[in-house]
Enquirer: 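Input: one structure, supplied below.
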Protein chains: 2
Amino acid sequence: MTSNRSVPTLYDVAKTAGVSTATVSRCLNSPEQVVEHTRKRVLEVINQLGYTPNFGARAMAAKRTYTIGAVIPTMENAIFARGLQAFQEELRAGGYTLLVSSSAYDPQIEEEQIKALIARGADGLLLIGHDRTKTVSEFLRKQGTPALAAWSYEADAELPSIGFDNRRAMRSLTEEVLALGHTRIGVISGITDGNDRARRRVEGISDAVTAAGLDMAGVPVIETPYDIANGAEAFHNLMQADTPPTAVICGNDVLAAGALKAAGEMGIEVPRDVSVTGFDDIELAGILTPPLTTVHVPHREMGRRAARTLLAMVQKGITGQTVQLEAKVCLRGSLAGPKAD
Amino acid sequence: MTSNRSVPTLYDVAKTAGVSTATVSRCLNSPEQVVEHTRKRVLEVINQLGYTPNFGARAMAAKRTYTIGAVIPTMENAIFARGLQAFQEELRAGGYTLLVSSSAYDPQIEEEQIKALIARGADGLLLIGHDRTKTVSEFLRKQGTPALAAWSYEADAELPSIGFDNRRAMRSLTEEVLALGHTRIGVISGITDGNDRARRRVEGISDAVTAAGLDMAGVPVIETPYDIANGAEAFHNLMQADTPPTAVICGNDVLAAGALKAAGEMGIEVPRDVSVTGFDDIELAGILTPPLTTVHVPHREMGRRAARTLLAMVQKGITGQTVQLEAKVCLRGSLAGPKAD
DNA sequence: ATATGAAATGTAAGCCGTTGCATTAAGTTA
DNA sequence: TAACTTAATGCAACGGCTTACATTTCATAT
């Protein structure tokens with residue numbers, strides 16, 4: 001059954017090395033069980049033949065793949081990039097491979113991707129946030145694949161999570177804005193449907209606004225997909241109002257970058273004419289002009305801890321502990337008091 | 001962890017529906033071969049049981065996975081994000097799933113990731129650029145997995161590629177710079193070792209400089225990993241020289257962003273005191289202050305075409321055609337003539 | 001009805017590893 | 001050296017799916 005033209009199999013290696021397939025398998029998976037002299041010979045043959053284990057077969061036989069999957073809403077902007085990088089580094093240190101796919105913020109696609117990853121044998125899954133359909137949760141439970149939610153802390157959600165309290169963080173930021181005397185606020189939010197982070201952030205704004213004795217009904221909120229161009233457009237619209245806001249709070253840094261861009265184009269000076277804030281503190285935030293006031297998210301720490309937690313879940317079968325990290329307001333040049341008129 | 005109720009298999013579905021496993025399999029893979037009435041019943045059972053095909057088994061039996069893998073140098077900055085997004089969209093339209101992993105610009109890790117992806121049954125591979133070891137090329141050939149290189153056009157490279165001529169594009173940009181009268185140029189490049197894009201770009205600069213009758217030996221070139229902070233540091237170093245450059249050409253937009261940032265901190269005004277250019281035209285480039293002169297890369301088109309080409313290679317077994325796309329100089333505010341002194 | 005070809009379905013042989021258990025070789029002790 | 005322990009290796013079942021080939025069913029023509 002040796003084929004000379006196709007990819008070599010365990011069997012080929014075994015035959016060439018004059019041992020059984022079991023021994024070859026052991027050389028690869030638990031080398032300490034094989035005596036040095038045999039092992040050496042087998043490894044030589046493996047090299048010589050350029051053998052690589054067939055993953056499908058291995059996954060099927062061993063029921064584990066040393067693969068962790070992550071489904072993130074987007075790769076387009078850097079929101080998840082840094083955290084994911086740290087996540088991957090940590091996984092790699094633990095001997096695991098990370099496979100990423102993106103859902104374009106579409107729950108339908110997210111579901112597909114989750115299934116694709118599980119079908120491909122992912123031992124564990126990293127997901128973003130908590131908003132997903134019953135079907136998906138059901139599916140995950142049924143498959144018994146450990147999953148962890150990140151970028152969002154939620155005490156009693158379906159999945160254990162590691163993240164920060166988006167609502168509280170945004171509330172703090174908004175309080176800073178209000179403390180400076182702003183009373184006319186505008187909000188540019190990401191699409192909240194199916195995105196608990198975006199929703200919580202708006203709630204946080206609402207909390208602070210209401211607590212300050214203002215009426216949230218008077219605060220214009222524009223929802224738009226996370227994208228610089230959309231942020232710009234929304235900002236433009238907000239500033240067309242008869243009494244435009246003196247502070248524009250954006251759901252994340254990307255939208256805020258768009259707002260700053262639009263401001264530049266409209267000849268509106270930030271923060272003199274209007275203040276702008278973001279959320280996430282991606283690298284971009286620090287190099288914008290003016291530098292963006294935002295909420296700093298501990299991306300790398302979150303990624304690292306997510307990896308550790310998920311690995312523990314996968315390897316020891318323990319239930320993941322939900323962990324809350326601190327996200328701190330980060331004041332920079334884009335926020336100032338309202339213009340005295 | 002282990003769940004008491006185990007995942008249903010083809011066999012379970014077959015039994016419940018009262019047909020053979022072959023029929024169930026056909027319902028999934030070639031439904032037209034199954035009579036409507038049977039198909040309907042089977043699909044119902046599938047739903048009811050929540051059956052999902054086991055991927056490993058399927059891959060093993062069918063020798064294809066409808067999965068395309070991509071190994072990119074980094075997810076941290078947006079260089080590959082947009083192109084990859086388009087790539088994924090196109091694949092999805094063709095019924096394929098994209099799995100991405102990142103090598104952190106480390107050839108060692110890249111090799112690992114390529115192997116991981118192939119082992120996991122990827123039907124085809126998207127790689128970035130052409131620099132890789134014999135081992136890897138050998139491995140790819142042996143496995144017979146179609147692979148395509150992107151972000152770099154190279155006529156007679158090992159792999160077919162779809163991309164642009166980094167050298168020529170950078171030469172054009174440099175010519176623009178020189179045409180404005182700059183004679184003191186500084187270069188901030190990415191690490192060229194193992195990165196043909198970075199290397200070609202430096203060559204392009206060299207071409208233009210030499211053609212203009214200047215001596216490349218007099219042009220300081222700093223190599224540093226792609227990262228804003230590194231760009232800033234390099235810029236800082238360049239400007240410390242006795243006769244600092246009047247134009248700093250950066251190997252990509254991320255480095256250029258760092259340069260602009262450093263300039264701001266050093267009180268150097270761009271472009272009055274010094275011009276700065278980038279490469280890639282990532283979204284960031286347009287919102288920096290001043291907007292960055294750069295080379296526009298047709299990210300989305302590249303991604304889309306890469307997908308089409310790779311799919312053709314995978315499905316029809318044809319050899320991929322190398323395609324060159326146009327990357328055009330994109331003049332913006334960060335470039336001007338040298339200060340008259 | 002009956003023959004006939006096409007359509008639908010079933011049977012079972014792989015695909016390539018892992019691993020529990022059996023067997024053999026090596027090492028130790030009295 | 002025999003008896004016994006332990007280490008090293010082999011045997012073969014198993015995992016879930018696809019698909020070539022065999023068989024049955026059905027519709028149509030005679």
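Chain A is the first sequence line, chain B the second, and so forth, proteins listed ahead of strands; every chain is numbered from 1. These numbers come from the heavy atoms of this one structure, side chains and all, not from hydrogens, waters or symmetry mates.
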Enquirer: First locate atom CG of B:L310, then atom CD1 of B:I68, and finally report the distance between them rounded to the nearest 0.5 Å.
Expert: 4.5 Å

Enquirer: Are A:L98 and B:S101 close enough that some pair of their side-chain heavy atoms sits under 4.5 Å apart?
Expert: no

Enquirer: Five pairs at each end of the helix from C:dA1-D:dT30 to C:dA30-D:dT1: take the axis at both ends and give me the angle between them to 10°.
Expert: 40°

Enquirer: List the residues meeting side-chain contact (heavy atoms from CB on, under 4.5 Å) with B:A312, not counting sequence neighbours, and say none if there are none.
Expert: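 If we apply the side-chain contact (heavy atoms from CB on, under 4.5 Å) test to B:A312, skipping adjacent residues, the hits are B:I318.
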
Enquirer: Should the pair B:E90-B:R305 be classified as a salt bridge under the 4.0 Å nitrogen-to-oxygen rule?
Expert: no

Enquirer: Hey, what do you get for OG1 (A:T97) to CG (B:L117), rounding to the nearest 0.5 Å?
Expert: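 Answer rounded to 0.5 Å: 9.0 Å.
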
Enquirer: Which class fits the ring pair B:W151 and B:F80: parallel under 30°, tilted 30 to 60°, perpendicular over 60°?
Expert: perpendicular

Enquirer: Within this structure, what is the OH-to-C1' distance between B:Y66 and D:dT18, rounded to whole angstrom?
Expert: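 Rounding to the nearest Å, OH of B:Y66 and C1' of D:dT18 are 12 Å apart.
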
Enquirer: One character per nucleotide, please: for nucleotides 7-17 of chain D, 5' to 3', B when the base has a protein heavy atom closer than 4.0 Å, S when only the sugar-phosphate does, - otherwise.
Expert: -SBBBB--BBB

Enquirer: Would you give me the side-chain donor-acceptor pairs under 3.5 Å for residues 38-45 of chain B, sequence neighbours excluded?
Expert:
{"residue": "B:R39", "atom": "NE", "partner": "B:P31", "partner atom": "O", "Å": "3.4"}
{"residue": "B:R39", "atom": "NH2", "partner": "B:V34", "partner atom": "O", "Å": "3.2"}
{"residue": "B:R41", "atom": "NH1", "partner": "B:A17", "partner atom": "O", "Å": "2.3"}

Enquirer: Taking C-beta and beyond as the side chain, do B:Q88 and A:S102 meet within less than 4.5 Å on heavy atoms?
Expert: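 Heavy-atom side-chain distance check passes, below 4.5 Å.
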
Enquirer: Between the protein and nucleotides 22-25 of chain C, which nitrogen or oxygen pairs come in under 3.5 angstrom?
Expert:
none

Enquirer: Under a 4.5 Å cut-off applied to non-hydrogen side-chain atoms, are B:Y105 and B:N195 in contact?
Expert: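 Result yes, sub-4.5 Å side-chain heavy-atom pair found.
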
Enquirer: The criterion is side-chain contact (heavy atoms from CB on, under 4.5 Å); which residues satisfy it with A:Q315, sequence neighbours excluded?
Expert: A:Y96, A:L311

